[in-house]
Participant: 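Got a structure here, written out as structure tokens. Questions coming.
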There are 2 protein chains.
Amino acid sequence: MDKKIFEMHAEICKVFTNPKRLEIISLLRDGEKTVNDLTELAGVPQANVSQHLTVLRQNNVVTTRRNGANIYYKIANPKILQACDLMREVLLEKLAENEELVKRML
Amino acid sequence: MDKKIFEMHAEICKVFTNPKRLEIISLLRDGEKTVNDLTELAGVPQANVSQHLTVLRQNNVVTTRRNGANIYYKIANPKILQACDLMREVLLEKLAENEELVKRML
DNA sequence: AGGAAAGATTCATATATACGAATATTCATA
DNA sequence: TATGAATATTCGTATATATGAATCTTTCCT
């Protein structure tokens, strides 16, 4: 029944399992950027940025707009950022917990 | 700088890239359940459920409590459910869009 | 038209993941 | 302490993913 939804959900989540893609998403947080912008900001080879952008585009995480030779990428749905933020919070809370644990052991 | 955070974030997200794990998470939504419960509800071989629970446990997505021969699993942090829900909303919105597209083509 | 800049694609390879099958561990109870 | 029920682990294999290198496409400018 819901199985199909779980499969699609899992598929989408694969987009977020690569650190470079997460960095790109983060870089797009406050507005659209060109491939070149992203390449420089992330410090990753252009071809690789492009490969990741393809994945993001195919999964409707970003949308594009062409302006001359440049292509601007932006986040398609703000809820995606919210979801990323929540996961990051979970992560940071866990890190904080572990830090306390370490402190208590000294 | 943030690179390390992005790596950890990506690592955590890997937990959500398997449909069976998402189903298990969904089954735990309204309270703790034993491995047996989950096995029956999901209709997946016990060993496989156990493998997925191991992944969930190792990534602090679930916590466990033993009671006799049974082990109860539950979601560790409600924010995880929130994040899952948000992603599912994004997914459903996209599906709705596509449905409209198809309709307009008839 | 020709060249350069911006971006995308293809391919090969290395690495990770999922799952079934078989086996092991843990606990309760007779 | 032997047995059965509940759960976990290990291993082999098939499949997916990430990345560098090389190549291609599109657009702009002269």
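Within every chain, numbering begins at 1; the chains are lettered A, B, ... in the order of the sequence lines, protein sequences first and strands thereafter.
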Participant: Without decimals, in angstroms, what is the distance between A:E32 CD and C:dG7 P?
Facilitator: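 Atom CD in A:E32 sits about 12 Å away from atom P in C:dG7.
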
Participant: Starting at CD of B:E23 and ending at P of C:dC19, how long is that distance when rounded to a whole Å?
Facilitator: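 Value for this atom pair: 12 Å.
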
Participant: Find the distance A:N18:CG to D:dA16:P and express it as a whole number of Å.
Facilitator: 18 Å

Participant: Taking the basic N atoms (NZ, or NE/NH1/NH2) and the acidic carboxylate oxygens, is any pair closer than 4.0 Å for A:K3 and A:E7?
Facilitator: no

Participant: In whole angstrom, what separates A:R21's CZ from D:dT19's C1'?
Facilitator: 12 Å

Participant: In Å, rounded to the nearest 0.5 Å, how long is the span from NE2 of B:H9 to SG of A:C84?
Facilitator: 5.0 Å

Participant: Going by heavy atoms closer than 4.0 Å, what residues in residues 64-76 of chain A are next to DNA chain C?
Facilitator: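 Contacts with DNA chain C under 4.0 Å: A:A69, A:N70, A:I71, A:Y73.
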
Participant: Determine whether a donor-acceptor pair (N or O, by modelled atom type, separation under 3.5 Å) exists between the side chain of B:N59 and the backbone of B:V61.
Facilitator: no

Participant: Does this structure show an ion pair linking A:D85 with B:K79, if we count only N-O contacts that are shorter than 4.0 Å?
Facilitator: no

Participant: Do the side chain of B:R66 and the main chain of B:G68 share a donor and acceptor less than 3.5 angstrom apart?
Facilitator: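 Checking the backbone N and O of B:G68 against the side chain of B:R66, a donor-acceptor pair under 3.5 Å is found.
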
Participant: With a 3.5 Å distance limit and no angle check, can you tell me whether A:D37 reaches the backbone of A:T34 through a side-chain donor-acceptor pair?
Facilitator: yes

Participant: Over how many whole Å does the gap from A:E11 atom CD to D:dT17 atom P extend?
Facilitator: 7 Å

Participant: Check the phosphate of C:dA18 against B:K20, side-chain N and O only, distance under 4.0 Å to OP1 or OP2. Yes or no?
Facilitator: no

Participant: What is the minimum heavy-atom distance between B:L53 and B:V62, and which atoms define it?
Facilitator: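 Closest heavy-atom pair between B:L53 and B:V62: O-CG2, 4.4 Å.
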
Participant: Using modelled atom types and a 3.5 Å cut-off, is there a donor and acceptor pairing between side-chain atoms of B:S26 and backbone atoms of B:L22?
Facilitator: no

Participant: With heavy atoms under 4.0 Å as the rule, sort B:T34 into base, sugar-phosphate or nothing.
Facilitator: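 It contacts sugar-phosphate atoms only.
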
Participant: Distance from A:Q46 atom CD to A:E40 atom CD, nearest 0.5 Å?
Facilitator: 11.5 Å

Participant: Please list, by residue number, the residues of residues 46-54 of chain A whose heavy atoms come closer than 4.0 Å to an atom of DNA chain C; answer none if no residue qualifies.
Facilitator: A:Q46, A:A47, A:S50, A:Q51, A:T54

Participant: Determine whether a donor-acceptor pair (N or O, by modelled atom type, separation under 3.5 Å) exists between the side chain of B:R21 and the backbone of B:V15.
Facilitator: yes

Participant: Should B:E97 and B:K94 count as an ion pair when the cut-off is N to O under 4.0 Å?
Facilitator: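 A salt bridge links B:E97 with B:K94.
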
Participant: Calculate the interatomic distance between B:L56 atom CG and D:dT7 atom C1'; express it in whole Å.
Facilitator: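 In whole Å, D:dT7 C1' and B:L56 CG are 15 Å from each other.
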
Participant: Please check the phosphate of C:dG7 (OP1 and OP2 only) for any side-chain N or O of A:N36 closer than 4.0 Å.
Facilitator: yes

Participant: For A:P45 and B:V35, find the nucleotide of DNA chain D closest to each by heavy atoms; which residue's nucleotide sits nearer the 5' end?
Facilitator: B:V35

Participant: When you measure from the side-chain N and O atoms of B:K14 to the phosphate of C:dA16, is any distance below 4.0 Å, counting only OP1 and OP2?
Facilitator: no

Participant: Taking the side chain as every heavy atom from C-beta outward, state whether B:L28 and B:Y73 have any pair of such atoms under 4.5 Å apart.
Facilitator: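 Side chain of B:L28 against side chain of B:Y73, heavy atoms only: contact under 4.5 Å found.
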
Participant: Using atom CD of A:Q58 as one end and atom P of C:dG7 as the other, report the distance to the nearest whole Å.
Facilitator: 18 Å

Participant: Five pairs per end, C1' atoms only: what is the angle between the end axes of the helix from C:dA1-D:dT30 to C:dA30-D:dT1, to 10 degrees?
Facilitator: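 Helix axis angle between the two ends: 20°.
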
